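Residue numbers start from 1 in every chain, and the chains themselves are labelled A, B, ... in the order their sequence lines are given, proteins ahead of strands. Since the model is a prediction, treat every value here as computed from it, not as a measurement.
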There are 2 protein chains.
Amino acid sequence: MRASVPITVSGLKTACSQCNLVELCLPFGMSDSELSRLDELVGARRKVKRQQNLYRAGDPFEAIYAIRAGSFKTDVLLEDGRDQVTGFQMTGEILGLDGISTETHSCNAIALEDSEVCVIPYAKLEELSHEVEGLQHQFHKVMSREIVRDHGVMMLLGSMRAEERLAAFLLNMSQRFTARGFSAAEFHLRMTREEIGSYLGLKLETVSRAFSRFQEEGLIAVQQKHIRLLDTAGLRKLIQHQTAGSGR
Amino acid sequence: MRASVPITVSGLKTACSQCNLVELCLPFGMSDSELSRLDELVGARRKVKRQQNLYRAGDPFEAIYAIRAGSFKTDVLLEDGRDQVTGFQMTGEILGLDGISTETHSCNAIALEDSEVCVIPYAKLEELSHEVEGLQHQFHKVMSREIVRDHGVMMLLGSMRAEERLAAFLLNMSQRFTARGFSAAEFHLRMTREEIGSYLGLKLETVSRAFSRFQEEGLIAVQQKHIRLLDTAGLRKLIQHQTAGSGR
DNA sequence: CATGGCCGTTGATCCACGTCAACCAAAAAT
DNA sequence: ATTTTTGGTTGACGTGGATCAACGGCCATG
C-alpha cells in the first residue's frame, strides 16, 4: 500500500499519514483511519529562512505550526529591550500555542536555520477535534506537555546553579536528538552561546566558561557548536546533588 | 427567575450556572444553554484543609479542579530535596492541567488556606467538549493562558533582578485581587516569604529585604502578610527600566 | 585569498544575592 | 498565662555569576 504511492509534489503537500514525523508530532497515537482525516487539517507548508520570524508577538493568531524540518527559538521581550528565550523547538514539535488565549501571539518564533513548517489553521483544528476522537485528546496532551516543560524550566531558572543548568540543557538536547534518530552523544547546536544563555538565565560568558569547565573535567568535548557528550552519568550527577555533603 | 431558586444543599452541589465565579472560571463566555449543560460536568466538590495536598506528583490523573474558595500553590521537587513553587492559584483558576500529558500529575498542589474545589472528571470534560461548542474552545484558552503565564515567569526568573521580581509579583497579585472584586491596593498574602522566594527564585531573606526597601521608599506598606500598595506607578517603573541611563 | 563582522574564549574586577546568625513578633500549643 | 513553634526582620560576610575588556578563530563576502 504505502510503497505504491508515488512521491509527488502534491503527495508531499499535506499528508500527515505519509510523514515520518508522526511519532513525534500531533498525530501520535492516532489510528490509521483517524490519521487519514488529519490530512485535511494541514493547510499548507511554509518555508522560513534562518533568522526569519514565523510569527511575532502581537500578530493575530490564526494557526499553529508543526515543524517539518529545521528548528526554532521562541522569545518574549520587555519594553526596555530585555529579552528572554522561552524555548527551542525541533522537528515534530508544535509552535504557536501561546496565541490561543488572547487570539494574539505573545512571543516571537524565529528560525535557527532554514526550516519548514506545516500550517494548521486553528479553526479547522477545533472543528475536526469534534469529529475525530483521538485528535482532541492528542492536542490536549501536546498543550499539557508544554506546561510541564515550562515548569521544568522554571525549576531550572529558580533553583539551579549555572553548571547545573547547562548540564540539564545538554541532557535535554541529547534526549531530543535521540528521539529523532540522531546520536545521543554527538550533536550540533543550532543556537549561539548568547541564546543558550538567555534561555538558561545566564550571560554568554558564563555559558562559555561552563562549557570550558565541562571540557576540562572530561564531561564533554566542545568544538564551537559541535558537542560530544563523554560522560552523561557525570552530567546527570552534577544536577542531582550539587549540595551533597552539606546536610541541607 | 434567579431569585426564585432557593439555595439548597443540592442546588449548591454542582451548578456552574449558579456560581458567581463564572466570569473567572472555565465557563467564561459560554451561552446560557451551554452553561446549563456544564452542570453535568462538575462531579462533586472537595474541601481541602490548609497545608493539605489536593494532589501529589505521581498521582494518577483523573480530573482537573476549579478553585471555588481559597487558594493553592503548586510545586515541583527534585530528588535532592530542592523544590520550586511554580504558581499560586486563586478562586476561579484551574488546577491539574499538568497531568494530562502523562496521565500522572507532575507537581504537588497544596492549599494555602482551607479551600474548596470543583472536581471536573477529565474523561467527562473531553466527552462534553465534543458536544458543547464553547467548552472546547474555552478549555483551550485556559491551557494556553497557563502557557503564556509560565513564559512570563520564565522572563521574570531569567532576566529580572530581585526587586523587579517582587514588584512584578505584587502587581500581578493586585491585578488578580481586583478581578475578584477585592481592593487593588490592599490585600492579604496567603503565602510565606519562603514560598514567595521559591516562586521568584530568591531566598526568603532577599524577599524580606526587598519588602523593607519598598517600604522605606514609600512604595508599599507592609505589616506581615498584609500589604498596601501606595505607589503602583512607582512599582511599574521599577520593572521597566531598571537599566535606564546606562545606554545599553 | 584577503577582509570584516560575528561568535566564542578567557582574564580581572565588581556587586547582587546567598549564607550564617541573632533576634523579635505572632500564633499555636500546653 | 506561659511556653514553644513558626515566620519575619536585620546585620555581617562570602561568593557565583555579571560586567568590562581584550583577543582569536570562523565564516561570509567581495
Criterion side-chain contact (heavy atoms from CB on, under 4.5 Å) on A/Tyr65 and A/Phe72, from CA distance to verdict:
CA-CA 11 Å; A/Tyr65 306 92; A/Phe72 288 79; over 6 Å; no
In whole angstrom, what separates B/Glu163's CD from C/dC15's C1'?
14 Å
Close side-chain approach of B/Leu78 to A/Met160, heavy-atom, < 4.5 Å
yes
What I'd like to find out is whether the side chain of A/Ile239 reaches to under 4.5 Å of the side chain of A/Leu171, using heavy atoms alone.
yes
Find the distance A/Lys203:NZ to C/dC7:C1' and express it as a whole number of Å.
16 Å
Enumerate the protein-to-nucleotides 28-30 of chain D contacts in which both atoms are nitrogen or oxygen and the separation is below 3.5 Å.
none

When you measure from the side chain of A/Ser174 to the backbone N and O of A/Ala185, does any donor-acceptor pair fall under 3.5 Å?
no
d(CZ, A/Arg165; C1', D/dG16) in whole Å:
11 Å
C/dC6 C1' sits how many Å from A/Leu112 CG, rounded?
16 Å
Pair A/Glu93 + A/Arg180, salt bridge at N-O below 4.0 Å
yes
Check whether any side-chain N or O of A/Ser198 sits under 3.5 Å from a backbone N or O of A/Val85 as a donor-acceptor pair, and report yes or no.
yes
Between the protein and nucleotides 5-11 of chain D, which nitrogen or oxygen pairs are less than 3.5 angstrom apart?
from	atom 1	to	atom 2	distance (Å)
D/dG8	OP2	B/Arg193	N	2.9
D/dT9	OP1	B/Arg193	NH2	3.3
D/dT9	OP2	B/Arg193	NE	2.9
D/dT9	OP2	B/Ser208	OG	2.8
D/dT9	O5'	B/Ser208	OG	3.2
D/dT10	OP2	B/Ser212	OG	2.4
D/dG11	N7	B/Arg209	NH1	2.8
D/dG11	O6	B/Arg209	NH2	3.2

Between C1' of C/dC7 and NE2 of A/His188, the distance in whole Å:
12 Å
Rounded distance (Å) that lies between atom P of D/dC26 and atom NE2 of A/His226
14 Å
Between B/Asp114 and B/Lys49, is there a side-chain N and carboxylate O pair less than 4.0 Å apart?
yes
Once you round it to whole Å, what is the distance between C1' of D/dT19 and CZ of B/Arg161?
13 Å
Would you mind checking if A/Glu146 and A/Arg149 are paired as a salt bridge, meaning a charged N to carboxylate O distance below 4.0 Å?
yes
Looking for any heavy atom pair under 4.0 Å, which part of the strands does A/Gly197 touch: base, sugar-phosphate only, or nothing?
nothing
What is the distance, rounded to the nearest whole Å, between atom CZ of A/Phe214 and atom P of C/dT9?
13 Å
Counterpart residues, salt bridge (charged side-chain N to carboxylate O under 4.0 Å, His left out), relative to A/Glu195 (two or more places apart)
A/Lys73
